[in-house]
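A quick write-up on the structure given underneath.
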2 protein chains.
Amino acid sequence: MKNSQLYKGSLNTIIMKLLEENGRMYGYEITQKVKLITAGELNITEGALYPALHKLEADGFLDVEVEKVDNRLRKYYKLTENGQKETVNRLAELEEFIRNMQNLVNPAPKPDLQF
Amino acid sequence: MKNSQLYKGSLNTIIMKLLEENGRMYGYEITQKVKLITAGELNITEGALYPALHKLEADGFLDVEVEKVDNRLRKYYKLTENGQKETVNRLAELEEFIRNMQNLVNPAPKPDLQF
DNA sequence: ATGTATACATAATTTTCTTATGCATAATAG
DNA sequence: CTATTATGCATAAGAAAATTATGTATACAT
């Protein structure tokens with residue numbers, strides 16, 4: 001993840017959003033998609049990604065299907081019904097988060113008391 | 001911080017931005033300001049805040065001045081010269097981060113191939 | 001042959017936060 | 001008048017989420 005620690009805590013939401021959008025994806029595909037969308041800014045490391053996927057699966061938010069493509073293993077993940085519901089919540093939280101951070105960076109101008 | 005872990009990693013940037021904007025602030029004041037700006041959404045806990053302030057000071061980004069107001073102790077923090085430079089970088093990173101997250105949540109629509 | 005890309009995985013460590021305390025003064029509510 | 005809330009600082013134990021460093025394996029390009 002480059003050098004910015006701001007992305008900490010957002011990985012699960014990113015994964016779930018991408019799966020909501022694309023139906024099903026495998027791990028490596030997710031890393032490449034994120035790299036593309038963020039213009040190379042965000043590089044998800046395997047050490048973060050795979051444990052995150054396993055945990056989301058263990059929590060019942062993801063289902064997995066193993067396939068062999070070109071003699072290489074792929075684990076396709078997709079949202080469960082429960083995962084879809086959870087994704088809605090997480091995306092709402094993310095939008096709230098972004099709004100709050102924008103208010104912090106770019107605070108509403110103080111009312112102009114000059115009159 | 002409520003229940004959302006999205007704020008992980010953003011505390012230092014928040015502190016530095018507020019100090020840049022307000023000149024100098026003390027810890028408790030920072031928690032109240034953040035609560036206000038985020039409409040109660042983000043409650044910075046003391047267990048997170050004070051260690052963060054101490055670390056920023058140790059890193060040479062903050063200076064501290066102790067004052068007694070109403071017989072109560074206050075530690076006013078302000079950005080050092082180095083801290084001001086660092087704040088510029090961190091805010092740029094934050095804006096980049098927000099842009100990237102928005103691109104993930106709200107991806108550019110696929111070109112309409114219907115013609 | 002060597003490196004890069006694809007594809008998964010885990011272990012050790014670090015960073016960052018939560019939760020739980022602790023101390024102390026001032027103001028408010030019962 | 002006493003208990004709670006607000007103000008103000010601090011730290012320690014533990015959890016959560018990441019980084020860094022490995023490890024395995026196939027395919028392709030130099």
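Letters A, B, ... mirror the listed sequences (proteins, then strands); counts begin at 1.
- For A/F97 and B/Y7, the ring centers sit closer than 6.0 Å to each other.
- Whole-Å rounding puts the A/R74 CZ to D/dT26 C1' distance at 13 Å.
- Across the protein-nucleic acid pair, B/I44 atom CD1 and D/dA10 atom P stand 15 Å apart, rounded to whole Å.
- Here C/dC17 presents its P atom at 10 Å from CG of B/L56, a figure rounded to the nearest Å.
- Rounded to whole Å, the distance from OH on B/Y77 to P on D/dA10 is 5 Å.
- Between A/N71 and the phosphate of D/dA25, there is no side-chain N or O to OP1/OP2 separation shorter than 4.0 Å.
- For A/L49 and D/dA16, the CG to C1' distance is 17 Å, given to the nearest whole Å.
- Between A/D70 and A/G47, it is A/D70 whose nearest contact on DNA chain C lies nearer the 5' terminus.
- Listed pair B/Y50 / D/dC9 meets the phosphate criterion, a side-chain N or O lying under 4.0 Å from OP1 or OP2.
- For B/L53 and D/dT11, the CG to P distance is 11 Å, given to the nearest whole Å.
- Here C/dT18 presents its P atom at 12 Å from CG of B/L6, a figure rounded to the nearest Å.
- Counting all heavy atoms, side chain and backbone alike, A/E95 lies closest to B/V105 at OE2-CG1, 4.0 Å.
- Between C/dA9 and A/K75, a contact under 4.0 Å exists linking OP1 or OP2 to a side-chain N or O.
- Contact of the B/V66 side chain with the B/R74 side chain is not registered, since no non-hydrogen atoms from C-beta on lie closer than 4.5 Å.
- With DNA chain D read from its 5' end, the first of the two nearest nucleotides for A/G9 and B/R72 is the one closest to B/R72.
- At the phosphate of D/dG8, OP1 or OP2 sits under 4.0 Å from a side-chain N or O atom of B/Y26.
- Set against C/dA9, D/dA10, C/dT16, the side chain of B/H54 has D/dA10 as its closest nucleotide.
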List the steps, then state whether side chain to side chain contact (heavy atoms under 4.5 Å, CB included) holds for A/K35 with A/L42.
CA-CA 6 Å; A/K35 198 184 290 189; A/L42 178 51; over 6 Å; no
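- Picking from D/dA17, D/dA27, C/dA7 the nucleotide with the shortest atom distance to the side chain of B/K8 gives D/dA17.
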Steps toward side chain to side chain contact (heavy atoms under 4.5 Å, CB included) verdict (A/L19, A/M25):
CA-CA 6 Å; A/L19 289 178; A/M25 301 178 81; 3.8 Å; yes
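- For B/Q5 and D/dA16, the shortest distance from a side-chain N or O to OP1 or OP2 is not below 4.0 Å.
- Separating the CD atom of B/Q32 from the P atom of D/dT5 is a distance of 16 Å, rounded to the nearest angstrom.
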